[in-house]
2 protein chains.
Amino acid sequence: MTDKRKTPLETEEITAEMCSADVRLQALGQVPFFSMLKSAELQEINKLFKEQGFEPNETVYFEGDPADHLYVVAAGKVKLMRHTRSGKDVLLDLLEPGEYFGSLSPLPDETYTETAQARTTVCSLRIGKETFRSILANRPGIALRVLEITAGRLQAAHERVRQLSAFPVEHRIAFTLLTLAEKFGQPQKGRLLIQTPLSRDDLAEMTGTTTESASRTISQLQKAGLIETGRQWVAITDRERLEAILEEE
Amino acid sequence: MTDKRKTPLETEEITAEMCSADVRLQALGQVPFFSMLKSAELQEINKLFKEQGFEPNETVYFEGDPADHLYVVAAGKVKLMRHTRSGKDVLLDLLEPGEYFGSLSPLPDETYTETAQARTTVCSLRIGKETFRSILANRPGIALRVLEITAGRLQAAHERVRQLSAFPVEHRIAFTLLTLAEKFGQPQKGRLLIQTPLSRDDLAEMTGTTTESASRTISQLQKAGLIETGRQWVAITDRERLEAILEEE
DNA sequence: CGACGAATTGAACCTATTCAAAGGGTGTGG
DNA sequence: CCACACCCTTTGAATAGGTTCAATTCGTCG
């Protein structure tokens, strides 16, 4: 019995029981800053997290809400974004299992500076920011890992500022596709599929352009044979020529 | 004897002896993540830093150089930027005394992802990244402060991504001026002077536009009476109307 | 005063946006 | 299982905002 759908994306099979005890432990063990912990320690820390599930498109928190939790993605994909008055949203990041989001700062009276939204069915684990801070205060090794990850995100954000400041749409789209492929890429039929739902709209929000411009650029790249694409998906077929676009000035 | 120059900027009086022992201690005490230390501890840490002076426009390090030090600005102003092949530079940050830059990550074989350049005569203090890491590993309080500051910079970078993605030049210039005023603003003659050399070129590099567009926008804001400006300086005269530009969609 | 770098201004050009309309894949309900 | 409705995507044409190139003016410092 063949699937009639044309999308090459694997549907994310996540059920209601996704937040079961062992899945939780596995998810936490995947978190870069917990991965060095011994099993016993991990179990201790596991107890401090509460699980919370979300349906696709459900919002974890809104920009401006009081910020008092830190979240870890256990299963599914989470989108971080900022809004604008005109309704044009900006997509800041797409998170995989093992990545954190939410509030790191222990200061009171803070609010989230971005909106977090489930893009698939999601299981998240969350912890109060004070509790998390005390974990960091007691285990410098973890604090240093968290710092490294945050510093890495800062570099990525700076690179994005550079892209937006200095390069035309085609260049930015190419860059974004290559970056996404590094994170979500899955070899398939001699091409590199970006294994996450990805609309022209998403791409536009990631590159600071409009849906129409993203669509035109994507079509053009497909005609040139650099990528294959369809509704909600993109696969890279000629990585080298795509990278060559980044070399143009 | 009156000054014939028209610039309202104070010239930064920094001499060759700027890195004297007491200036060093004072500078380190100003660093947010050292400010909670007792005097004795601060003296210990002070010994781990080496001083290094720079002339205006001298480069501290280049993008791509091996990254093995962390720097603290003791005196003067430092500019962080990224280059592009086409020669269009992107200004990432302007640092004041007490701010850090350079490498946080202890990983070997890393390179700086931005170029650091002295904008004035500068005295900097630097420390090997492994040494700095051991300070953090032993004093969780410091590590947490560094993490907070880095997280704050990440928020700022995200906001800049939003600005570049969603708003026109005039809006971005207004935003940048207000942000600069918050950091470098100095009340003077009923206006708020941005106390740092600031050319149209700098402004263009900060807002992702060209020198000419920055110039046109600045002229226009001046004609409208929101700012006063001259060669290398800007002062805000009507903050409210400048902020009102940010409300437009 | 003279020279150099910074800032301004104009005009032509171009990229990307906007508005509008049509085409196609997916999943739902009959 | 088919058909319809919805949303995603594509494409076109007009427009606008910004860039580019070029020339001039202005301020600052030697």
Side-chain angles (χ1 to χ4, degrees), chain A residues 1-11 56-57 84 86-90 119 163-174 196-224 227-234 245 248-249, chain B residues 2-11 56-57 84 86-88 119 163-174 196-205 207-224 227-234 245 248-249:
Chain A
M1 186 171 164
T2 56
D3 193 342
K4 261 185 300 187
R5 293 180 324 140
K6 286 197 189 163
T7 179
L9 294 183
E10 294 164 15
T11 34
N57 298 320
T84 65
S86 57
K88 186 173 185 172
D89 285 345
V90 178
R119 280 181 68 76
Q163 296 280 332
L164 289 164
S165 298
F167 302 115
V169 170
E170 188 192 36
H171 183 118
R172 303 202 305 263
I173 296 263
T196 191
L198 188 67
S199 68
R200 303 294 178 269
D201 228 356
D202 293 329
L203 225 33
E205 289 180 5
M206 279 187 255
T207 52
T209 183
T210 58
T211 311
E212 294 92 334
S213 289
S215 177
R216 284 184 236 272
T217 308
I218 287 292
S219 303
Q220 185 186 317
L221 291 176
Q222 183 165 40
K223 270 173 205 139
I227 62 172
E228 286 172 9
T229 178
R231 190 189 172 104
Q232 307 257 47
W233 64 273
V234 180
I245 293 178
E248 296 165 12
E249 40 179 285
Chain B
T2 56
D3 193 341
K4 262 185 296 185
R5 293 179 321 140
K6 285 196 189 164
T7 179
L9 293 184
E10 293 165 16
T11 34
N57 296 321
T84 65
S86 57
K88 187 172 184 173
R119 279 181 69 77
Q163 296 280 331
L164 288 164
S165 298
F167 302 114
V169 170
E170 187 192 38
H171 183 119
R172 304 203 304 265
I173 296 263
T196 190
L198 189 67
S199 68
R200 303 294 178 269
D201 229 355
D202 293 328
L203 224 33
E205 289 180 6
T207 52
T209 185
T210 58
T211 310
E212 294 91 334
S213 288
S215 176
R216 283 183 237 272
T217 308
I218 287 293
S219 302
Q220 185 186 317
L221 292 176
Q222 182 165 41
K223 269 174 205 137
I227 63 173
E228 286 171 10
T229 177
R231 191 187 171 103
Q232 307 256 47
W233 64 274
V234 180
I245 293 178
E248 295 165 13
E249 37 179 289

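Sequence lines set the chain letters: A, B, ... in the order given, protein chains first and strands last, and positions in each chain run from 1. Side chains included, hydrogens not; waters and symmetry mates left out as well; all remaining heavy atoms used.
- The distance from atom CG of A/Leu164 to atom P of D/dG18 is 15 Å, rounded to the nearest whole Å.
- Within the 4.5 Å cutoff, side-chain heavy atoms of B/Gln220 are placed close to those of B/Glu170.
- With hydrogens and angles ignored, no donor-acceptor pair under 3.5 angstrom links the side chain of A/Arg172 to the base of C/dT15.
- The base of C/dT18 is paired with the side chain of A/Arg216 by a donor and an acceptor separated by under 3.5 Å.
- Here B/Glu212 lies in heavy-atom contact (under 4.0 Å) with a base.
- Residue B/Arg200 contributes atom CZ, which lies 18 Å from atom C1' of D/dT19 at whole-angstrom precision.
- Looking at heavy-atom distances under 4.0 Å, A/Ser213 makes contact with a base.
- Atom P of nucleotide D/dA16 and atom CD of B/Glu170 are separated by 17 Å, given to the nearest angstrom.
- For the pair A/Phe167 CZ and C/dA16 C1', the computed distance is 18 Å after rounding to whole Å.
- Straight-line distance from the CG atom of B/Leu203 to the P atom of C/dA6: 15 Å, rounded to whole Å.
- The nearest whole Å value for the distance from the CH2 atom in A/Trp233 to the P atom in C/dT26 is 10 Å.
- Between D/dT20, C/dT17, D/dG18, one nucleotide has an atom nearer to the side chain of A/Thr210 than all others, and that is C/dT17.
- Using a 4.0 Å heavy-atom cutoff across all strands shown, A/Ser219 reaches sugar-phosphate atoms only and no base atom.
- Interatomic distance, CG of A/Leu203 versus OG of A/Ser213, reported as 11.5 Å (0.5 Å rounding).
- Between the CG atom of B/Leu198 and the P atom of C/dA7 there is a distance of 9 Å, rounded to whole Å.
- A donor-acceptor pair shorter than 3.5 Å cannot be found between the side chains of B/Thr207 and B/Thr209.
- Counting any heavy atom pair closer than 4.0 Å across all strands shown, A/Thr209 reaches sugar-phosphate atoms only and no base atom.
- Of the candidate nucleotides C/dA20, C/dA7, D/dT9, D/dT9 has the atom nearest to the side chain of A/Ser215.
- For the atom pair NZ of A/Lys88 and OG of B/Ser165, the computed distance is 7.0 Å after rounding to the nearest 0.5 Å.
- A/Gln232 places its CD atom 9 Å from the C1' atom of D/dC7, with the value rounded to the nearest Å.
- Counting any heavy atom pair closer than 4.0 Å across all strands shown, A/Arg231 reaches a base atom.
- Side-chain N/O atoms of A/Arg200 and A/Thr217 include no donor and acceptor closer than 3.5 Å.
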